[in-house]
J.: 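What follows is a structure written as structure tokens; I'll ask about it next.
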Amino acid sequence: MSLLDVSGLTIRTESGRALVSDLSFTVEPGGRLGLIGESGSGKSLTALALMGLLPPGLTASGSVVLDAPGLDRTDVVGAGESALRALRGRGASVVFQEPLTALDPLMRVGRQIAEPLRRRRGLRGAELRRAVAAALDRVRLPEPERIARAFPHEISGGQRQRVALAMALACEPALLIADEPTTALDVTVQAEMLRLLGELIAEQDMALLFVSHDLAVVSGVTDRLVVLKDGEAVESGATTDILHTPRQPYTQGLVASARTFENALERITR
Ligand SMILES: Nc1ncnc2c1ncn2[C@@H]1O[C@H](COP(=O)(O)OP(=O)(O)OP(=O)(O)O)[C@@H](O)[C@H]1O
């Protein structure tokens, strides 16, 4: 049984225009799937639809069934707020490109990490403080006490993204959705973040859905890919197969530009 089974997912505007059309894929427990495509191909809307977080005016049809251990098997499409709340955190959680959208600028980092632990896992007092420290430690943040006391603007962009990741992981989700989590970071910090993500996925026995326009980044952390173009899946398969023998011209273009970028990087860093 798949952890996530997306079937015929279609996302429309109020006027009936399809932004994502008839998208189907599965994620197995512990699997690592990349959703790749150029800007505007529908990646972020798909990620939002999986969490039941589409903006007002957009509607999803088809089905998005999440079957996480210990939780009721739920079709996110059409699910009510209380069913969605039960899924978020333990079933699936999400990290976005810009951590400042996930973080409250007026609340200290420690309190923000404590919030999901208190609400969803019912932790209090010393137990809660220990869990916050453990969450910061898990994402390899140095000086966890200082970071816990800091406001988001007092820490670096890379540290903020680690804090957002710590929040997403706090309830030990069966599926982590990462939507361009490294795009806003510079190349070295991006590489560290990707390494950390890979380690955490393996440690926590979590599944990953990694959304990105950057094939070079996605191929390092995923074992399967779905290629999106104009809201439709044009190709899918094992990451290594797609990298070596892309079938569609669109995918061939993505692979070629990822190669050009890698070669340029090599020339610069050699
Ligand atoms: N609320 C909305 N109302 C109408 N159209 C929207 C809305 N949100 C997004 N779109 C359109 O849907 C398409 C897919 O958007 P989406 O954000 O999923 O793309 P993306 O692949 O994630 O791109 P990017 O990498 O630039 O974020 C785009 O053409 C976008 O303009």
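In listed order, ligands and their atoms are each counted from 1. Heads up: numbering here begins at 1 and tracks the sequence.
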J.: Any protein N/O atoms within less than 3.5 Å of an N/O atom in ligand 1? List the atom names and distances, or say none.
T.:
| residue | atom | partner | partner atom | Å |
| --- | --- | --- | --- | --- |
| ligand 1 | 18 (O) | Lys43 | N | 3.4 |
| ligand 1 | 18 (O) | Ser44 | N | 3.2 |
| ligand 1 | 18 (O) | Leu45 | N | 2.9 |
| ligand 1 | 19 (O) | Gly42 | N | 3.4 |
| ligand 1 | 21 (O) | Gly40 | N | 3.4 |
| ligand 1 | 21 (O) | Ser41 | N | 3.0 |
| ligand 1 | 21 (O) | Ser41 | OG | 3.3 |
| ligand 1 | 21 (O) | Gly42 | N | 3.0 |
| ligand 1 | 21 (O) | Lys43 | N | 3.0 |
| ligand 1 | 21 (O) | Lys43 | NZ | 2.9 |
| ligand 1 | 22 (O) | Ser44 | N | 2.8 |
| ligand 1 | 22 (O) | Ser44 | OG | 2.8 |
| ligand 1 | 23 (O) | Gly40 | N | 2.7 |
| ligand 1 | 25 (O) | Lys43 | NZ | 3.1 |
| ligand 1 | 26 (O) | Ser39 | OG | 2.6 |

J.: Return the set of residues passing side-chain hydrogen bond (donor to acceptor under 3.5 Å, both in side chains) with Ser7 (not counting sequence neighbours), or none when no residue passes.
T.: none
J.: If you look only at pairs with a residue in residues 244-255, which of them pass as a side chain to side chain donor-acceptor pair (under 3.5 Å), with sequence neighbours excluded?
T.: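 Sorted result for residues 244-255: Glu235-Thr251.
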J.: Listing request: all side chain to side chain donor-acceptor pair (under 3.5 Å) pairs with a residue in residues 132-141, at least two apart in sequence or in separate chains.
T.: Arg140-Glu199, Arg140-Glu203
J.: For atom CZ of Arg146, decide whether the heavy atoms of other residues, nucleotides or ligands shown that lie under 6.0 angstrom number more than 12.
T.: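 More than 12 heavy atoms, drawn from other residues, nucleotides or ligands, come within 6.0 Å of this atom.
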J.: Should the pair Arg108-Glu154 be classified as a salt bridge under the 4.0 Å nitrogen-to-oxygen rule?
T.: no
J.: If you measure from CZ on Arg17 to CG on Leu58, what distance do you get to the nearest 0.5 Å?
T.: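 Separation between the atoms: 9.5 Å.
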